[in-house]
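Here is the structure we will look at.
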Amino acid sequence: MVERQIVRRGICNPDVLAAMRQVPREEFVPVELREFAYDDIPLPIGNEQTISQPAIVASMIEAAELRPGDRVLDVGTGSGYAAAVAATIAGHVHSIERHAELVDSAREILERLAICNVTVHLGDGTMGLAEYAPYDAIIAAAGGPRVPAAWREQLAIGGRIVMPLGRDLHYQRLIKLVRRNQQDYDQSSLGEVRFVPLVGADGWPA
Ligand code: SAH
């Protein structure tokens with residue numbers, strides 16, 4: 001999977017490649033779909049949600065420029081896979097999910113794999129998670145109509161936000177925001193993507 005889908009797409013950060021090799025994706029997909037776990041496709045995980053395509057997870061984590069010791073906010077835990085990959089590089093990942101069933105199953109998988117530097121929270125990630133801010137990186141696996149105000153506030157100076165952003169519910173542009181100082185952010189675009197909608201108080205209405 002790493003050679004065929006990830007290296008071939010130009011991802012070359014050695015920490016990201018090592019993390020993708022280390023985390024067993026089959027553990028995060030439903031048992032009946034395990035034979036597809038290493039294909040380059042998103043897979044259903046229940047509650048109308050999907051585990052993201054491996055190459056997209058890798059490119060988002062590469063764009064987030066994670067370093068050892070970083071504190072990360074992962075919005076949209078889903079299966080917990082992206083949080084697990086991020087946690088292989090960063091210091092601690094706070095991951096937030098709005099569906100209680102997905103929170104329960106992600107916690108169970110992460111515990112089984114003994115990944116103890118991910119904390120899964122139940123709630124609306126569009127409000128961020130002020131309790132553990134500031135974050136060196138905020139990564140979102142669901143697309144919203146704007147960058148939530150709380151994410152800008154809870155980002156450390158020099159921190160990165162990587163999220164799908166768009167006026168359409170299902171088609172977005174992957175953007176990267178870097179906080180330069182108290183009030184300035186640099187924004188760049190990383191291409192077109194398709195993510196599930198970011199549903200919440202500072203996202204799309206339910
Ligand atoms: N990173 C996940 C991808 C899951 S898909 C993985 O690796 O499996 C995106 C997830 O975002 C879905 O589970 C969806 O329920 C969740 N989501 C959408 N809006 C949210 C919000 N406002 N707060 C928290 N989670 C949200």
Side-chain angles (χ1 to χ4, degrees), residues 1 5-6 16 19-20 22-30 33-34 36-61 63-64 66 72-90 93-110 113 115 118-130 132 135 137-151 154 161-166 169-170 172 174 193-206:
M1 174 189 92
Q5 303 161 26
I6 300 183
V16 176
M20 296 298 294
Q22 190 175 323
V23 179
R25 192 167 184 258
E26 78 273 10
E27 298 288 342
F28 293 86
V29 308
L33 296 175
R34 283 205 176 150
F36 307 112
Y38 293 99
D39 292 352
D40 195 16
I41 48 172
L43 293 168
I45 53 171
N47 290 89
E48 291 169 30
Q49 305 304 326
T50 53
I51 176 171
S52 310
Q53 209 174 321
I56 294 286
V57 173
S59 55
M60 291 184 77
I61 289 179
L66 301 187
V72 178
L73 178 64
D74 168 54
V75 179
T77 312
S79 67
Y81 176 69
V85 176
T88 306
I89 306 172
V93 178
H94 289 281
S95 186
I96 183 163
E97 168 59 54
R98 62 188 285 268
H99 287 293
E101 282 171 41
L102 293 175
V103 167
D104 290 344
S105 68
R107 278 183 184 151
E108 194 188 300
I109 296 166
L110 293 163
L113 295 176
I115 297 172
V118 176
T119 312
V120 182
H121 305 264
L122 174 64
D124 175 9
T126 65
M127 299 285 96
L129 201 56
Y132 303 99
Y135 299 100
I138 300 177
I139 303 172
R146 60 190 163 271
V147 181
W151 298 5
Q154 294 172 21
I161 294 174
V162 180
M163 72 171 292
L165 179 72
L169 260 189
H170 297 281
Q172 308 92 6
L174 195 59
V193 285
R194 287 198 67 172
F195 276 88
V196 298
L198 179 70
V199 177
D202 203 358
W204 296 104

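Just so you know, ligand 1 is whichever comes first in the structure, and atom 1 is the first atom listed for that ligand.
Around the CD atom of Glu101, the shell of radius 6.0 Å holds no more than 12 heavy atoms that belong to other residues, nucleotides or ligands.
Of all protein heavy atoms, the one lying nearest to atom 12 (C) of ligand 1 is Gln49 OE1, 3.2 Å. Closest to atom 9 (C) of ligand 1, if we only count protein heavy atoms, is Ala141 O, 3.3 Å. Of the protein's heavy atoms, Glu97 OE1, 3.4 Å lies nearest to atom 16 (C) of ligand 1. In this structure, the protein non-hydrogen atom closest to atom 19 (N) of ligand 1 is Val199 N, 3.1 Å. Of all protein heavy atoms, the one lying nearest to atom 7 (O) of ligand 1 is Ala82 N, 3.1 Å. Closest protein heavy atom to atom 8 (O) of ligand 1: Ser79 OG, 2.7 Å. Distance from atom 3 (C) of ligand 1 to its nearest protein heavy atom, with residue and atom name: Thr50 O, 3.5 Å. Residue, atom and distance of the protein heavy atom nearest to atom 18 (C) of ligand 1 are Pro197 O, 3.5 Å.
Below 3.5 Å of separation, one finds an N or O of Asp124 facing an N or O of ligand 1. Taking any N or O of Val196, backbone or side chain, none lies under 3.5 Å from an N or O belonging to ligand 1. Ligand 1 has no N or O atom lying under 3.5 Å from any N or O atom of Ile51, backbone or side chain. The shortest N/O to N/O separation between Gly125 and ligand 1 falls below 3.5 Å. Some N or O of Gly76 is nearer than 3.5 Å to an N or O of ligand 1, by distance alone.
Put simply, no part of Ser95 is less than 4.0 Å from ligand 1, judged by heavy atoms. Under a 4.0 angstrom heavy-atom cut-off, Ala201 registers as lying outside contact with ligand 1. At least one heavy atom of Thr77 sits closer than 4.0 Å to an atom of ligand 1. Put simply, part of Ser52 is less than 4.0 Å from ligand 1, judged by heavy atoms.
In this structure, the side chains of Val75 and Trp151 come closer than 4.5 Å at one or more pairs of heavy atoms. With a 4.5 Å cut-off on side-chain heavy atoms, Val196 and Pro42 do not count as touching. The shortest side-chain heavy-atom distance between Val147 and Met163 falls under the 4.5 Å cut-off. Here the side chains of Phe36 and Val29 are not in contact, with every heavy-atom distance at 4.5 Å or above. For the pair Leu113 and Phe28, the minimum side-chain heavy-atom distance is below 4.5 Å. Under the 4.5 Å side-chain criterion, counting only non-hydrogen atoms from C-beta, Ser52 is not in contact with Tyr81.
With hydrogens and angles disregarded, no donor-acceptor distance shorter than 3.5 Å links the side chain of Arg25 to the backbone of Tyr38. No donor-acceptor distance shorter than 3.5 angstrom exists from the side chain of Gln172 to the backbone of Leu174, with no hydrogens or angles considered. Judged purely by atom type and a 3.5 angstrom limit, Glu97 has no side-chain atom pairing as donor or acceptor with the backbone of Ser79. In terms of modelled atom types and a separation under 3.5 Å, the side chain of Asn47 and the main chain of Leu102 share no donor-acceptor contact.
With 3.5 Å as the limit, one finds a donor-acceptor pair spanning the side chains of Asp74 and Ser95.
Numbered from 1 in the order shown, with element, the atoms of ligand 1 that lie under 4.0 Å from a heavy atom of His99 read 15 (O). Those atoms of ligand 1 with a heavy atom of Gly123 less than 4.0 angstrom away are 23 (N), 24 (C). Set against the non-hydrogen atoms of Leu102, the atoms of ligand 1 under 4.0 Å away are 13 (O). The ligand atoms of ligand 1 that sit less than 4.0 angstrom from a heavy atom of Thr126 are 22 (N).
Neither the backbone nor the side chain of Ala83 has a heavy atom within less than 4.0 Å of ligand 1. Contacts between Arg98 and ligand 1, counted as non-hydrogen atom pairs separated by less than 4.0 Å, involve both the backbone and the side chain.
Ring-plane geometry between Tyr135 and His94 is classed as perpendicular, the angle between the planes exceeding 60 degrees on a 0 to 90 degree scale with a lower cut at 30.
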What verdict does the side chain to side chain contact (heavy atoms under 4.5 Å, CB included) test give for Val16 and Ile89, after you've listed the backbone C-alpha separation in whole Å, the side-chain angles of each residue and the deciding distance to 0.1 Å? CA-CA 8 Å; Val16 176; Ile89 306 172; 4.1 Å; yes
